[in-house]
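Single-structure report; data block below.
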Amino acid sequence: MHPKLLHIYGPLFVNSYGVAIAIGLLLLVFLASKDRILKKYLTRDQLYALIMLGICSGIMGGRALYLATNWSDIQHWYEICAVWQGGLSITGVIISVLVSTFSYLWLHGIPLLTVTDRFAIYAPLAQACGRVGCFIAGCCYG
């Protein structure tokens, strides 16, 4: 397949899987920012803060679960943070995003079920974009 979408210079390249995930996230942000019901409960700044919190906690949670399950594969201490070499667990991403989202909404007194119901409309679309990128990269098939 085509895991490297665009070669930049030397070892730097744009990964097709990363582009697909970015498209999915941008689509989620665009659709959530246009949602009239969601605007009643979240300000624009709160929405963007929630999205950024989800992205950061997702990366950390995905890496943490990957390291917990594949600790024997780590040869050097600096490989712990080497997310550019792969090694994120989707289960860790989902768990950490749910925990951080619920915590943010609870701390700000925002109705949890109403907001998460609205995000549940758009999250599968973002996940589908990521799966298309995974297929293009060649790691998922059949």
Close side-chain approach of [X] to [Y], heavy-atom, < 4.5 Å:
X      : Y     : value
Leu25  : Ile21 : yes
Leu125 : Leu28 : no
Ile94  : Ile90 : yes

Hey, mind stepping through Tyr122 and Gln127 against side-chain contact (heavy atoms from CB on, under 4.5 Å) and telling me if it holds? CA-CA 9 Å; Tyr122 309 119; Gln127 178 68 16; over 6 Å; no
Considering all heavy atoms of both residues, which atom of Tyr17 and which atom of Gly133 are nearest to each other, and what is their separation? CD1-C, 3.5 Å
Show the nearest heavy-atom pair for residues Phe119 and Leu42, with the distance to one decimal.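 Taking Phe119 first and Leu42 second, the nearest heavy atoms are CE1-CD1, 4.2 Å.
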Show every donor-acceptor pair shorter than 3.5 Å between a side-chain atom in residues 55-64 and any protein atom, with sequence neighbours excluded, or say none if there are none.
{"residue": "Ser57", "atom": "OG", "partner": "Leu53", "partner atom": "O", "Å": "2.9"}
{"residue": "Ser57", "atom": "OG", "partner": "Gly54", "partner atom": "O", "Å": "3.4"}
{"residue": "Ser57", "atom": "OG", "partner": "Ser100", "partner atom": "OG", "Å": "2.9"}
{"residue": "Arg63", "atom": "NE", "partner": "Ile80", "partner atom": "O", "Å": "2.9"}
{"residue": "Arg63", "atom": "NH1", "partner": "Gly86", "partner atom": "O", "Å": "2.9"}
{"residue": "Arg63", "atom": "NH1", "partner": "Gly87", "partner atom": "O", "Å": "3.0"}
{"residue": "Arg63", "atom": "NH2", "partner": "Glu79", "partner atom": "O", "Å": "2.4"}
{"residue": "Arg63", "atom": "NH2", "partner": "Ile80", "partner atom": "O", "Å": "3.4"}

Apply side-chain contact (heavy atoms from CB on, under 4.5 Å) to Tyr48 and Met52, showing your working. CA-CA 6 Å; Tyr48 293 148; Met52 288 306 297; 5.5 Å; no
List the atom pairs, donor and acceptor, that lie under 3.5 Å between side-chain atoms in residues 105-115 and the rest of the protein, sequence neighbours left out.
{"residue": "His108", "atom": "ND1", "partner": "Tyr104", "partner atom": "O", "Å": "2.9"}

What's the spacing between [X] [atom1] and [Y] [atom2] if we round to 0.5 Å?
X      : Y     : atom1 : atom2 : value
Lys39  : Lys34 : NZ    : NZ    : 6.0 Å
Lys40  : Asp35 : NZ    : CG    : 10.0 Å
Arg118 : Leu38 : CZ    : CG    : 7.0 Å

Test of understanding: clusters of I, L, V, M, F, W, Y form through side-chain heavy atoms closer than 4.5 Å, transitively. Do Ile121 and Phe30 belong to the same one?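 Same cluster.
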Report the C-alpha distance between Thr69 and Ser89 in whole Å, list the side-chain angles of each, state the deciding distance to 0.1 Å, and finish with yes or no for side-chain contact (heavy atoms from CB on, under 4.5 Å). CA-CA 9 Å; Thr69 56; Ser89 167; 5.8 Å; no
